Each structure stands twice: as structure tokens, then as C-alpha cells.
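Here's the structure we're looking at; comments come further down.
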Amino acid sequence: MAERKTTGRGRKTGRAAGGTEMDDAGQSAGLLPFPDLPASSAGPAPNPDTDPAPNPAGDADDEAAAEDPHYLDHRERLRRRFLDRGPDALEDYELLEMVLFAVSLRRNVRPLAKLLIRTFGDLWGVVNAPPERLRGLKADGVSLGTDNAVATVRIVGAAALRALQQRVIDQPVLASWQALIDYCAAAMAHEPTEQFRLLFLDRKNKLIADEVQQRGTIDHTPVYPREVVKRALELSAAAVILVHNHPSGDPTPSRADIEMTKEIVRAANAVGLVVHDHLVIGKGGRHTSFKAQRLL
């Protein structure tokens, strides 16, 4: 039987079978007990000087970081397909995904890309959408909630439109008519309200100025023939092409369009200004030429 004795503090200790002296609570003699430490708090207490602070609201970052390898691989595959096979190898939403990579460095941006195309109809509609309509759109935790995010999307449309404009500016317009149509469609087809644009040409029919003279409502733009002629004289223009859009998408000229065009032609003839054409821009690449329809 193990020997029992009384310590100087009045507590009984015994010698276990292995020879280790134990007290009545099962603690090794000489070690301090931790009676207040909860059973679930095993391990050393954190050191505030050396241990990282807890991140009570950082679970989302940890979760996103765990997703990184999957989405980084997906992004790399998209980039490689784009570089190896060209843009035709990607769907519109995949091209938009690549734009949105800059909006969220970690998360999956595909749901937002698809939402944007559903909302605005097509890729061109997205990159030219008004900032106030883009701002705040969100899908699966990725949001266009900042100026930087909105600008990232819209800069694509601005760059594309500038490139189209440079194809026609200072060029003989009548010899590059399709390029002019493409530019006007890109600039105006998705406008939510009517706008009246003037393309001023020099004596060699080169485009010397492209200006929006008036903006109106969804079905009307006020146009003043005197202002058209005045601006042409200021630019020393020899000819002008009139362009306006129909937000409804139907480029069929209205009776008001026809009458307004006749008034401008009369005012232009008085000062020797030639009106080459009046284009009505619809959607989906549709347009109407007054000259082709013998309305001019």
C-alpha cells in the first residue's frame, strides 16, 4: 500500500504507482493548479505583444482567400484563351469579366458580368451606361459601389468610341461612309434621350468637327436652323451632315424630322452650305439615310 503523510500545509499527499507524488486533486506536487481556467481554454494565453490580434469581422477575407486558387486559375485561363485565340474565342460576358478583374482582385466576377449584360442589353450598352445606373449594381458580393469601379467599366466604352472617332476625323467622309455610320451608331444608339449631332466638313469633305448641338427628351429635340448655319460659318465649313437618334430604336423619320430637315436645308442654301445627308440612328445597327430615302 502507498505510504501516506501530512504536509506542512495540512494537505494529504500520496505516492502514485509510478512514483510521482500527487495531491488529493490529482495534481503533481509542486505545480500550481489553474482552478479558474475553463476546460475549453486549453493552451497558453495569447501574448498581446507577439500574437496577432483577432479579426472578428475578417471572416469574409479569409473565405475569399480560400477561394483564390480556383478563381485565379479561371482568370489565367481566360487571359490565355484571349491572348492565344483572340477575342472571338470569348463570350461577351467573359470579355466583361476581364474588365471586372480590376474591380475585385479576389472574388468571382462572372455573376456581376452576366447581370450587367442582362441589365443593359449587350456589351456596348454596359460600357456606355450612365454612371448613375451602373453605381451600386451588385452580384455575389462584388459591387460597382465606388467611383473607381464605375470608371473601370466606362473607360472601355470611352476608349472604343475615341478609336472609332479617329477613324473618321480628318478623313474624306464620303469615301469612308460605313466607318462614319459605325461611329454614329456607337456614339448615339444607346442614348436614353434624343440628341442632335452636327458633322461639319471642309471643301474636301473631310470631317473637321463633330458636335452635339442639342439634347432633348425621349422623343423630341429642339433644333434651330439659324444655330446650325451660324456654327458652320464659325468653323468655315463647306458642308454638314445632320445626325440624330431615336431612343425607341426605330430609325423611321417622323413628320417633324422631315419638316425640320427642310428648314435647315433652306437656311443652309442661303449661305452656300451643303447638307449632304440627315441620318437617323436606331438600335442594333439600324439607321435611315434621308438621301437614300429621297427625303433630301
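Just so it is clear, the structure is predicted and the values come from calculations on it, not from any experiment. Heads up: numbering here begins at 1 and tracks the sequence.
A distance-only check finds no donor-acceptor pair linking the side chain of Asn128 to the backbone of His190 [under 3.5 Å]. Of the possible donor and acceptor atoms, one in the side chain of Glu94 sits under 3.5 Å from a partner among the backbone N and O of Glu91. Arg135 places no side-chain N or O within 3.5 Å of a backbone atom of Val150 that could act as its donor or acceptor partner. Put simply, the side chain of Asp210 never gets that close to the backbone of Leu199: no donor and acceptor are under 3.5 Å apart. Checked by atom type and distance alone, the side chain of Arg154 pairs as donor or acceptor with a backbone atom of Ala129 at under 3.5 Å.
Ring geometry for His278 versus Phe196: interplanar angle over 60°, hence perpendicular rather than tilted (30 to 60°).
Taking the side chain as every heavy atom from C-beta outward, Leu116 and Leu144 approach each other to under 4.5 Å. At least one side-chain heavy atom of Val153 sits under 4.5 Å from a side-chain heavy atom of Val126.
When the shell of 6.0 Å around CZ of Arg167 is examined, it contains 12 or fewer heavy atoms from other residues, nucleotides or ligands.
Scored by the side chain to side chain donor-acceptor pair (under 3.5 Å) test, Gln178 finds Asp182 as partners (sequence neighbours excluded).
Between His246 and His244, the distance separating the two ring centers is shorter than 6.0 angstrom.
Under 3.5 Å, the side chains of Asp250 and Ser248 contain no donor-acceptor pair of N or O atoms.
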